[in-house]
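Quick notes on the structure that follows.
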Protein chains: 2
Amino acid sequence: MSTIRQLADSLGLSITTVSRALDDYTDVSALTRARVRAAAEASGYRPNAAARRLRRGLTEVVTMVLPTAHGRFDEPLYIELLAAMGPHFVKAGYDLTLLTAPPGDEEIKTYRRIVEGRRADGIIVVRARRDDARIRYLLTTDTPFVVMGRSDVVGDYSLLDGDGMKAFGVATERLLALGHRHIVHLAAPSAFTFSTLRRTGYEAAMHAAGLQPCSVESAAETDPAYAVALHILADENRPTALLCATDRMAYGVLRAARELGLRVPQDLSVMGHDNLPASGQTDPALTTMELPLADTGERLALMLLERIKTPDAKPVHDIREVRLIERGSIAPPMTL
Amino acid sequence: MSTIRQLADSLGLSITTVSRALDDYTDVSALTRARVRAAAEASGYRPNAAARRLRRGLTEVVTMVLPTAHGRFDEPLYIELLAAMGPHFVKAGYDLTLLTAPPGDEEIKTYRRIVEGRRADGIIVVRARRDDARIRYLLTTDTPFVVMGRSDVVGDYSLLDGDGMKAFGVATERLLALGHRHIVHLAAPSAFTFSTLRRTGYEAAMHAAGLQPCSVESAAETDPAYAVALHILADENRPTALLCATDRMAYGVLRAARELGLRVPQDLSVMGHDNLPASGQTDPALTTMELPLADTGERLALMLLERIKTPDAKPVHDIREVRLIERGSIAPPMTL
DNA sequence: CTAACAATCCAAAACGTTTTGGATTTTTGA
DNA sequence: TCAAAAATCCAAAACGTTTTGGATTGTTAG
């Protein structure tokens, strides 16, 4: 509740001097600075955030908008991401405000409110889409932002994403090394950028091995993947390994295999991507790939802060290595 | 970038009138109000948040601090909670700022910063602890807050929690109804309030059935629970059902059972609590209990808004029903 | 016709900072 | 010793709103 004026009065100083003492200006004597510091500490003085923001013309706020479809947001990963970003924003003196908006009109309105109302110094866009209206809008403004994931929208902006193409190449090679020859890729809808990249990685590796790639598309959820997997696995000439674009899809495959009496990994190797918390608990535990979230959050936060500090610097594209997490769901194919 | 002054000038009105027109005061004519509205809309005018907050003396911000141990926060549930609260805060004109702090000194400092710097109109405290320094501190201030979970700290504050006692009573009865007689409860450390409540519910139900309850304590994580479960299940006279305080502990039990060659649910029934995303993917899928998060988030948000609006109203204690989610991990005990 | 009242508008103060542009005192250099 | 320079301080302006306390005009009642 204390103001800088009360503090100044109690010290017999002007508010100018108190302000400058607390802000490490050189035109206040060491003695005075010490006195002010001590008094501020003792009285628990904190500058009123609204006042300083108004005067300084900045918000000390960064914003992230959760794209919540029908009020839900079933993405356990993001809480870790937020937790990892938190300390960096705190250290830099920024508050992170978290908003929610369903994709669509409402979403863009939310972004407009942030930008036009000057409610944030920077924005984090997550779950990039191929044709992303958020990115298109932000490019027309001068609000600094960073994107997690890749989009087809062209323009100068910083982004961070896992190297899905390389990861799926490596994953395919791993399966090949185990002796698999008939490997099918269960792909996510090509509307997602990540889907195309992962698929490309898989197909390139197959070609390099002189094998014919085979990608089957399905919605990126457990149930649709389950249905598609039932089909694939019921076939006479079924594959010995199924490389899934996401863990959720892999869960569907595991269920389908169980139902058809196929043993994993003896009869079928399964791999996913994301390393969801659930993937350590499936039976057998799922082999998967992971973009380490702690690092990612940290990097994303630093990228945004950098963007805010020097908006004219060249945006960076950080494509990060994805880690292969090998668990029990893959093995050499049984020789029949 | 537009200010109210520019808008006023462009209309040939005073800023007073513009401000009051936009705020539905009665002392501005309908015609003027319409003109102002239209011009504001057209120019995309948004009041500067910092200025209005300074003048009004409120922040239009509510805060939640994630208790992150060693920089991580492995609690997938909270993202859903946040997603559920979001729309209600947006509707009421509040921004939600999300901070992180490791439990301990740093945590209390963070709360002081919020309170003393007047950085939020209200606070959400999650993961209440039995002796909770955050609650003790907040009670000494006049900052409105609501607590998720229960604590031993006494005082007038609003809280929301699942009725763990009742839920574990019901769960125990369900196992009894299936025919189990030798049911062991794997309890979380008694430092957590929820642990004591769940244990009480279990023990009461056992007593009511004329059976001797048996609770074994373990850290509320997978690995410790695994170790304890190995012990319990290796015993000659092992239980036919293990009721776990949390899903994570149940995962440990499932692993231990698998390793000992015990089939679930034929040889051992297992139950957990939380309904983590992973619990639908275990084999067999875990029977568990859930505090519906969408409802909870909504309720929590409304409780806080209420608390902000009328701080003198009597605080409410909302103990919510927990839903039993029956999956494949429980069955009648095999008659040996 | 006038006093009272209603309707509509506005100038200026206030919110609590930071920053500008000196003012005053002390020290230094020649 | 005196002018210049350095050190230290401060009054006042500014940030963009909202709100207070009228001022002005038009309308109504007697």
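Naming: A, B, ... by sequence-line order, numbering from 1 per chain. Note that these values count all heavy atoms, side chains included, but never hydrogens, waters or copies made by symmetry. Just so it is clear, the model here is predicted, and its values are computed rather than measured.
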Partners passing side chain to side chain donor-acceptor pair (under 3.5 Å) against [X] (at least two apart in sequence or in another chain):
| X | answer |
| --- | --- |
| Arg113(A) | none |
| Arg5(A) | none |
| Ser158(B) | none |

Using whole Å, report how far [atom1] of [X] lies from [atom2] of [N].
| X | N | atom1 | atom2 | answer |
| --- | --- | --- | --- | --- |
| Arg118(A) | dC15(D) | CZ | P | 15 Å |
| Leu11(A) | dC9(D) | CG | P | 11 Å |
| Ile4(A) | dA14(D) | CD1 | P | 19 Å |
| Leu58(A) | dG16(D) | CG | C1' | 15 Å |
| Arg55(A) | dT19(C) | CZ | P | 6 Å |
| Leu54(B) | dG16(D) | CG | P | 12 Å |
| Asp27(B) | dT19(D) | CG | P | 12 Å |
| Arg53(A) | dT17(C) | CZ | P | 13 Å |

Q. Taking only residues at least two apart or on different chains, which pairs with a member in residues 153-162 of chain A satisfy salt bridge (Lys or Arg N to Asp or Glu O under 4.0 Å)?
A. Arg150(A)-Asp161(A)
Q. With sequence neighbours left out, which residue pairs that include part of residues 9-22 of chain A fulfil the salt bridge (Lys or Arg N to Asp or Glu O under 4.0 Å) condition?
A. Arg20(A)-Asp27(A)
(Q) Using a 3.5 Å distance criterion without hydrogens, assess whether the side chain of Asp121(B) forms a donor-acceptor pair with backbone atoms of Thr59(B). (A) yes
Restricting to salt bridge (Lys or Arg N to Asp or Glu O under 4.0 Å), what partner residues turn up for [X], sequence neighbours left out?
| X | value |
| --- | --- |
| Asp105(B) | none |
| Arg37(A) | Asp24(A) |
| Asp23(B) | Arg56(B) |

Q) Which angle, rounded to 10°, do you find between the first-five-pair axis and the last-five-pair axis of the helix from dC1(C)-dG30(D) to dA30(C)-dT1(D)? A) 40°
Q) Does any residue of residues 12-26 of chain A have a heavy atom under 4.0 Å from DNA chain D, and if so, which ones, in number order? A) Gly12(A), Leu13(A), Ser14(A), Thr16(A), Thr17(A)
Q: Under 4.0 Å from any atom of DNA chain C, heavy atoms only: list the residues of residues 28-46 of chain B that qualify, in numerical order.
A: Val28(B), Ser29(B), Thr32(B)
Q) Using a cut-off of 4.0 Å on non-hydrogen atoms, how would the nucleic acid contact of Asn48(A) be classed: base, sugar-phosphate, or nothing? A) sugar-phosphate
What side-chain donor-acceptor pairs closer than 3.5 Å can you find for residues 293-306 of chain B, not counting sequence neighbours?
| unit_1 | atom_1 | unit_2 | atom_2 | d |
| --- | --- | --- | --- | --- |
| Thr296(B) | OG1 | Pro292(B) | O | 2.6 |
| Glu298(B) | OE2 | His88(B) | NE2 | 3.4 |
| Arg299(B) | NE | Asp318(B) | OD2 | 2.6 |
| Glu306(B) | OE2 | Thr310(B) | OG1 | 3.2 |

Q | Salt-bridge criterion met for Arg53(B) and Asp95(B) (N-O under 4.0 Å) | A | yes
**Q.** Any Arg52(A) side-chain nitrogen or oxygen under 4.0 Å from OP1 or OP2 of dT18(C)
**A.** yes
